[in-house]
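In this text, all values refer to a predicted model and were calculated from it rather than measured experimentally. Letters A, B, ... mirror the listed sequences (proteins, then strands); counts begin at 1.
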Amino acid sequence: MTNRLRDLRATKGLSQADLARAVDVSRQTINAIETGKYDPSLPLAFRLARHFRMRIEEIFEDEAS
Amino acid sequence: MTSSTTKRLGVVLVLGVAPLLHFVVPGAFWHRTATAVAGGLMMLFFSKEAVDDERIQDLKLRAVSTAFSVSFTLTLIVNWLLNRNWDITRDFDGATMVWQSISGFDVIILVMAVALALFHHWRLQDGISTPS
């Protein structure tokens, strides 16, 4: 799965720590998602989508599709 | 009990109680020491982390799953050597010799040591950040 998290975060001028606090996870988790090491759970994906006021599929893309 | 208290208790068991039982208390035997070490390592691994989010849970599950496979293999190798008196040229005679194995507490120590090492290594890798 690929994602646009890093770009979206940069656009909003947020650090990894800022975003981590906003969605209630560790900075390491945000880093792992951005670097593709970890695919977030559905509840976390929804929290991220809500934070950026976007739909989940606008942030995350399944490589198979 | 808070997560940090559990972790401190685990450290005390491994670094304090276990050596005390082994070197100071009379009548030392390895299984007693191993029990304290195994208990301490389990407390360290299974207690909650300061930030205990879904990634931490995922890493812990992966670490303990891998640790079981690695430790099972290590146990087979150690037992194989143990039953040949550490002499690989010697054959085990099932008719006359009794099969020996390391104890369950030793296996728990192996599993927890490998799991802790993997978990902290992977967590460190997660933390290695690109500029944010």
> Around B/F68, counting heavy atoms of other residues, nucleotides and ligands shown, do more than 12 lie under 6.0 Å from its CZ?
Replying inline: no
> Around atom CZ of B/R8, are there more than 12 heavy atoms of other residues, nucleotides or ligands at under 6.0 Å?
Replying inline: no
> Is the count of non-hydrogen atoms from other residues, nucleotides or ligands lying under 6.0 Å from A/K12 atom NZ greater than 12?
Replying inline: yes
>> Please find the pair of heavy atoms, one from B/V51 and one from A/V25, that lie closest to each other, and give the distance.
In response: CG1-C, 4.3 Å
> Got more than 12 heavy atoms from elsewhere within 6.0 Å of CZ, B/F46?
Replying inline: yes
> So which part of A/P43 gets closer than 4.5 Å to some heavy atom of chain B, the side chain, the backbone, both or neither?
Replying inline: neither
>> Please find the pair of heavy atoms, one from B/Q125 and one from A/K37, that lie closest to each other, and give the distance.
In response: O-NZ, 2.8 Å
> Just how far is it from atom CZ of B/R123 to atom OG of A/S26, taken to the nearest 0.5 Å?
Replying inline: 8.5 Å
> Roughly how far, to the nearest 0.5 Å, is the CG atom of B/D126 from the CD1 atom of A/I33?
Replying inline: 9.5 Å
> Should we say atom CZ of A/F52 is surrounded by more than 12 heavy atoms from elsewhere, each under 6.0 Å from it?
Replying inline: yes
> Taking a hydrophobic cluster as the set of Ile, Leu, Val, Met, Phe, Trp and Tyr residues connected by side-chain heavy atoms closer than 4.5 Å, whether directly or through intermediates, do B/L13 and B/V24 fall within one such cluster?
Replying inline: no
> For the atom pair CD (A/Q28) and CD1 (B/I56), what is the distance rounded to the nearest 0.5 Å?
Replying inline: 7.0 Å
>> Between B/D58 and chain A, with a heavy-atom cut-off of 4.5 Å, which part of the residue counts as in contact: side chain, backbone, both or neither?
In response: side chain
>> Set out, in order, the CA-CA distance, both residues' side-chain angles and the distance that settles side-chain contact (heavy atoms from CB on, under 4.5 Å) for A/L44 and B/E54, then state yes or no.
In response: CA-CA 9 Å; A/L44 177 55; B/E54 62 180 54; 3.4 Å; yes
